[in-house]
Amino acid sequence: MPTESLITLVCALPSEARPLLEHYRLAQVNEKPFRVFANAELSLRLVVSGIGVEACATAVGFCAGLQTNRPSDIWVNIGVAGHRDLDIGSVALGARIQRDGASKNWYPGFLFDTHIPVSEVVSFNEPVQDYPAGTLCDMEAAGFMAAASRVGNTDLIQVCKIVSDNASNSLANINREFVTRLVQQQIPAIETLLSALRGCSEAAADFDDDTARSIASQWHFSQTQRLRLSRDLRRVATLDSEQRWTPAALDKCRSGREVLSQLENEIARLSPQFAP
Amino acid sequence: MIETIYIEHAIREHPRVASIRARFPNARVISCEHYGEVFNRGGQNFRLQKQRPALLLARKIGRRVLPVPDGYGLDGAEGYYFSHMLNCLYDCRYCFLQGMFRSAHYVLFVNYEDFLDDISAQCARSNEAQWFFSGYDCDSLALEPVSRFTETFIPAFAQIDNAWLELRTKSTQIRSLLDCTPAPRVVCAFSLNPQTVIDRLEHRTPSLAARLNALRKLQRHGWHIALRFDPLILEDDFRTQYATFFRTVFEGIEGASLHSITLGNFRLPRSHFQRMANLYPDERLFAQNLDDGDGQIAYPHASAEGMLAWCEEQVTALADGVPIYIQST
Ligand code: SF4
């Protein structure tokens with residue numbers, strides 16, 4: 001059985017997080033150093049990072065340390081940003097993310113259907129009013145990308161920004177209620193994005209290893225042998241198209257080594273042969 | 001369908017870039033400094049990207065023409081490969097590109113003229129025939145409608161007296177070849193396998209019948225044709241499958257006028273194999289009993305030898321006199 005991927009949403013501000021917490025019915029599961037919220041199935045969680053590149057990177061690192069990361073896990077930074085020309089309330093995905101003044105770029109992948117437009121994102125240390133052309137200006141995305149791409153699959157990491165200020169509506173008009181409303185209005189787009197990412201992550205999913213766990217509890221295996229056990233059990237299952245083989249075939253084995261040797265014989269027996 | 005195109009900033013005005021962009025007016029276009037920022041980054045999953053690969057348009061700098069590995073060329077002749085493209089439209093489960101590259105995105109290097117300068121320079125160093133292979137890191141023709149590779153390379157090869165070009169393909173994108181006069185030193189080499197193998201392992205490729213149809217058209221038009229039976233895939237009914245397959249292939253083609261035939265078993269460098277088996281842990285091809293020797297994963301020695309000898313015998317009977325080469329790397 002493929003394991004379900006875990007979605008982590010990262011918001012800088014409580015006002016950005018609020019509509020998501022309500023929509024996904026997330027309850028607080030951690031208080032310090034970062035407030036983390038999760039749904040009942042523990043398949044979606046949200047962390048409030050605080051403002052700034054460093055805070056965001058640290059929050060991602062903290063969440064990554066809470067459990068074993070799987071290759072199919074999804075990470076999304078959701079928050080407001082400024083843009084010279086885009087309409088207030090419009091949504092865009094980060095296509096190329098950079099920290100102001102640095103040369104490193106991050107490129108989230110687009111392996112799913114989406115009508116959300118894309119934009120470059122530059123993360124500044126301070127709020128900006130002098131918006132560079134064609135660029136979303138925020139204060140977290142670069143930190144998010146730096147940390148998330150260390151623990152996750154680059155193609156399952158996204159930066160989703162909602163425009164809160166532009167050349168004709170300055171930062172001065174922004175307050176908490178306004179930010180909450182902007183995110184709230186884009187919940188349908190966020191929902192579609194998450195479900196598309198979830199669909200796309202299936203090809204990267206790892207598998208439950210229940211049979212190997214149960215066998216490993218009956219005989220002694222070294223670390224290397226344990227890895228081989230998992231791999232060879234999977235090979236037998238793959239080759240045994242009629243699913244005749246069961247772990248009961250190993251019952252008479254007296255050691256882990258014998259188990260492995262029996263599996264090897266089984267693989268040879270199930271493999272195609274070129275008869276001379 | 002290409003939905004995302006990354007373009008190196010330095011070549012954004014290149015005419016080939018403009019014409020490719022015009023083919024995909026709805027694609028999202030993302031500027032990058034160097035294609036490697038996207039192609040070589042960590043944390044990518046080839047299998048995931050293969051679902052919806054992006055196109056990266058770039059300029060190839062550094063060495064553009066490289067010697068082929070031992071055993072890749074024909075009959076020990078000097079051979080070189082050049083990669084105007086990395087990765088492939090098709091999705092053959094045995095393809096070593098899955099183990100070699102971190103990314104499944106297509107990279108197209110648009111500075112064809114630089115490749116041709118390097119090829120000319122290489123040929124100028126010797127009077128001997130020099131072989132060039134364009135299908136080492138991609139299928140030579142699969143992306144032809146986008147790359148328009150043959151339009152530039154074939155006339156250029158015709159101008160270099162000692163340059164031979166092998167286009168290795170499973171594609172039926174042959175319109176450009178039918179629209180021009182066959183070049184004297186260009187060989188269209190078709191990779192073929194039984195339809196059952198195509199169905200199981202050569203995903204998104206044209207059927208055997210479609211490939212044979214394309215091959216026959218090219219042969220009638222006057223192109224040199226070669227057959228590549230590589231990789232041979234071991235199944236329980238190997239002899240029955242391949243005996244029927246070989247007969248089908250040689251029906252309707254002029255066997256005697258073929259340029260060459262190669263035979264090779266499924267084999268992979270160990271490091272590539274391990275990555276590919278991790279990407280597709282439920283693939284029978286990787287799960288079966290294989291030997292690990294000399295840095296290469298391959299069928300157990302006795303099976304491998306037997307398969308090659310048997311196939312050589314079958315093919316010789318059908319195409320007597322055509323040079324047959326055994327590929328080992
Ligand atoms: S056609 Fe060739 S290059 Fe393309 S996927 Fe298949 S083996 Fe790889």
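Proteins come first, then strands; the chains are lettered A, B, ... in the order of their sequence lines, and each starts at number 1. Please read these numbers as outputs of a predicted model, since none were measured by experiment.
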### Query
Side-chain donor-acceptor pair under 3.5 Å between A:Ser123 and A:Gln98, yes or no?
no
### Task
Identify which of B:Glu305, B:Lys50, B:Arg284 forms the greatest number of heavy-atom pairs closer than 4.5 Å to chain A.
B:Arg284
### Message
Tell me which of these, B:Asp237, B:Leu279, B:Asp236, B:Leu290, has more heavy-atom pairs under 4.5 Å with chain A than the rest.
### Response
B:Asp236
### Query
Salt bridge check: are B:Glu235 and B:Arg200 linked by an N-O gap of less than 4.0 Å?
yes
### Task
With ring pair (Phe, Tyr, Trp, His ring centres under 6.0 Å) as the test, would you mind laying out the steps for B:Phe246 and B:Phe229 before giving the verdict?
CA-CA 10 Å; B:Phe246 289 135; B:Phe229 300 122; 5.0 Å; yes
### Message
Whether the A:Lys161 and A:Asn77 side chains hold a donor-acceptor pair (N or O, under 3.5 Å, no angle test) is what I'd like checked.
### Response
yes
### Query
Under a 4.5 Å heavy-atom cutoff, which of B:Gln49, B:Glu283, B:Arg47 has the most pairs with chain A?
B:Gln49
### Query
Donor-acceptor pair, B:Arg23 side chain versus B:Ile20 backbone, under 3.5 Å?
no
### Query
Is the closest basic N to carboxylate O distance between A:Arg235 and A:Asp232 below 4.0 Å?
yes
### Message
Can you see whether B:Phe46 has B:Arg275 sitting over its ring - NZ or CZ less than 6.0 Å from the centre and within 45° of the normal?
### Response
no
### Toward chain B, the part of A:Ser241 with a non-hydrogen atom under 4.5 Å
neither
### Query
Is any residue of residues 59-68 of chain A within less than 4.5 Å of chain B by heavy atoms, and which ones?
none
### Query
Quick one: do the B:Arg41 and A:Thr154 side chains pair a donor with an acceptor below 3.5 Å?
no
### Task
Please check if atom CZ in B:Arg12 has more than 12 non-hydrogen atoms from other residues, nucleotides or ligands closer than 6.0 Å.
yes
### Message
Suppose a student defines contact as a heavy atom less than 4.5 Å from any heavy atom of chain B. Which residues in residues 268-275 of chain A would they list?
### Response
A:Ala268, A:Ser271, A:Pro272, A:Gln273, A:Phe274, A:Ala275
### Any donor-acceptor pair under 3.5 Å from B:Glu37 side chain to B:Glu33 backbone
yes
### Message
Please report whether the ring centroid of B:Phe101 lies less than 6.0 Å from that of B:Phe39.
### Response
yes
#### Entry: Among B:Thr205, B:Ile198, B:Asn193, the one residue meeting side chain to side chain contact (heavy atoms under 4.5 Å, CB included) with B:Cys92
B:Thr205
### Message
Under 4.5 Å from any heavy atom of chain A, what part of B:Phe286 do you find: side chain, backbone, both or neither?
### Response
backbone
### Task
Scan side-chain atoms only and decide if A:Arg45 and A:Thr8 contain a donor-acceptor pair under the 3.5 Å cut-off.
yes
### Message
So which residue, B:Cys32, B:Ala309, B:Ala277, B:Gly42, ends up with the most heavy-atom pairs under 4.5 Å with chain A?
### Response
B:Cys32
### Task
Can you tell which part of A:Thr114 gets under 4.5 Å to a heavy atom of chain B, answering side chain, backbone, both or neither?
both
